[in-house]
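One structure below.
Numbers restart at 1 for each chain; the letters A, B, ... are given by sequence-line order, proteins then strands.
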Number of protein chains: 2
Amino acid sequence: MTTRTAPGPRERLLDAARRLTYAQGVGVGVDALLKAANVARRSLYEHFGGKDGLIVEVLRLTTAEDEEWYRRTMRAAGDDPRARLLAVFDGLAEAIDAPEFRGCRYLAADLAVADPDHPCHAVTREYRERVHRLLEEELRRLGHPRPEHAATQLLLLVDGALAAGATRPGVDPAGCARELAEHVLDAPGHGAS
Amino acid sequence: MTTRTAPGPRERLLDAARRLTYAQGVGVGVDALLKAANVARRSLYEHFGGKDGLIVEVLRLTTAEDEEWYRRTMRAAGDDPRARLLAVFDGLAEAIDAPEFRGCRYLAADLAVADPDHPCHAVTREYRERVHRLLEEELRRLGHPRPEHAATQLLLLVDGALAAGATRPGVDPAGCARELAEHVLDAPGHGAS
DNA sequence: AACCATATAGAACGGTTGATCTACCCGTCA
DNA sequence: TGACGGGTAGATCAACCGTTCTATATGGTT
């Protein structure tokens with residue numbers, strides 16, 4: 001039963017780690033995490049087995065949230081598949097404009113963790129597959145002739161927008177990506193006059 | 001005078017750092033760099049003042065090389081601006097296919113170094129501006145109605161392709177990006193029949 | 001031959017890392 | 001009342017971090 005009480009050490013740790021690993025990368029020190037979460041050292045190792053376990057759990061949590069963000073964003077955009085897909089880029093624009101925006105946390109994690117067998121890569125990979133399927137499904141509803149290919153293109157635009165948003169302040173990457181996304185959606189062949 | 005003799009400690013360090021910081025990120029240890037370069041500890045601090053100095057110098061070096069790569073790739077593609085711009089994405093496909101490919105080193109550096117005042121950010125930022133100008137100039141030659149905007153879009157496609165190439169093995173991000181790049185180049189209004 | 005800049009090799013520094021451990025505190029439930 | 005699980009606080013550990021140091025070797029110049 002998950003009643004609404006004061007958050008325990010586990011939740012505090014997850015919340016602090018979500019913020020700190022995004023702001024400073026997965027290289028944050030354990031001490032900083034403990035201090036930010038106001039949690040005893042021991043609790044970390046009891047709940048997550050170590051720093052790596054905490055990081056992977058944070059990724060699991062945020063991927064689930066972000067996937068839900070895609071669903072919510074599209075749901076709020078109505079029924080038209082085209083509008084729903086373009087709404088993703090409008091939402092992206094907002095996210096990039098946020099002062100704490102620092103790029104895609106999953107790309108950052110993948111680039112920062114050199115070991116290809118580290119469990120965090122499996123989490124990020126599955127997340128991308130889920131988003132890809134989400135987009136693909138919507139493209140199918142739109143009647144797109146190549147939904148899988150187009151989904152890959154949209155995902156590339158999302159990644160590009162997040163990267164540009166993190167590295168080129170002052171431009172409007174989401175807007176740029178949105179224009180290109182329109183070209184993706186307007187592929188010939190799905191004759192929905 | 002820079003005759004062709006056996007590479008000194010400085011060059012060996014730069015070469016080792018270029019490889020290791022790309023393979024393992026800028027978080028590589030000094031010991032690993034020294035061992036890979038077969039260089040005495042002291043040489044690092046005499047030549048670069050410290051690890052940060054070495055890293056920044058590596059970024060300066062590789063950005064110069066990569067900018068030259070853009071020029072060379074476009075030069076080899078002939079005179080037609082359109083072919084020259086699309087050739088960039090063909091070259092990207094090759095780079096992504098290379099076994100040692102691990103994404104964009106500059107994006108990785110920007111995401112890994114949290115301190116916004118770290119000198120490495122200035123290097124990467126200037127690099128992106130230079131590439132942007134390169135693309136913009138070519139778009140101008142093409143007679144594109146919005147060369148600056150289109151250059152931003154092409155850069156976004158490049159970043160997206162590099163990101164997707166690093167995180168989604170099996171797909172062909174450069175090919176996807178190339179298709180979208182064609183849409184960018186085909187913007188209406190530059191009446192080149 | 002003497003000198004000097006430039007290497008190398010490696011000890012040692014203080015600080016920090018992630019992880020383990022002991023000691024204690026407190027609310028719950030038997 | 002008493003035991004116990006879960007939390008805190010903090011000492012402690014080995015390992016590693018980037019840096020500085022001394023001592024020594026090498027190669028070219030005067």
Do B/R60 and B/E57 sit within salt-bridge range, that is, some charged N less than 4.0 Å from a carboxylate O?
yes
Electrostatic pair A/R141-A/E137, nearest N-O below 4.0 angstrom
no
Assess whether a salt bridge exists between B/R133 and B/E148, defined as any Lys/Arg side-chain N lying under 4.0 Å from an Asp/Glu carboxylate O.
no
Does the distance from a Lys or Arg side-chain N to an Asp or Glu carboxylate O, for A/E138 and A/R82, drop under 4.0 Å?
no
Can you pull out the residues from residues 33-53 of chain B that lie within a 4.0 Å heavy-atom distance of DNA chain D?
B/R41, B/R42, B/Y45, B/G50, B/K51
Any ion pair linking A/D159 and B/R168 (charged N to carboxylate O, less than 4.0 Å)?
no
Answer yes when B/R105 and B/D66 have at least one side-chain N-carboxylate O distance shorter than 4.0 Å, and no when they do not.
no
Salt-bridge criterion met for B/D110 and B/R128 (N-O under 4.0 Å):
yes
Within residues 7-27 of chain A, which residues have any heavy atom lying less than 4.0 Å from an atom of DNA chain D?
A/P9, A/R12
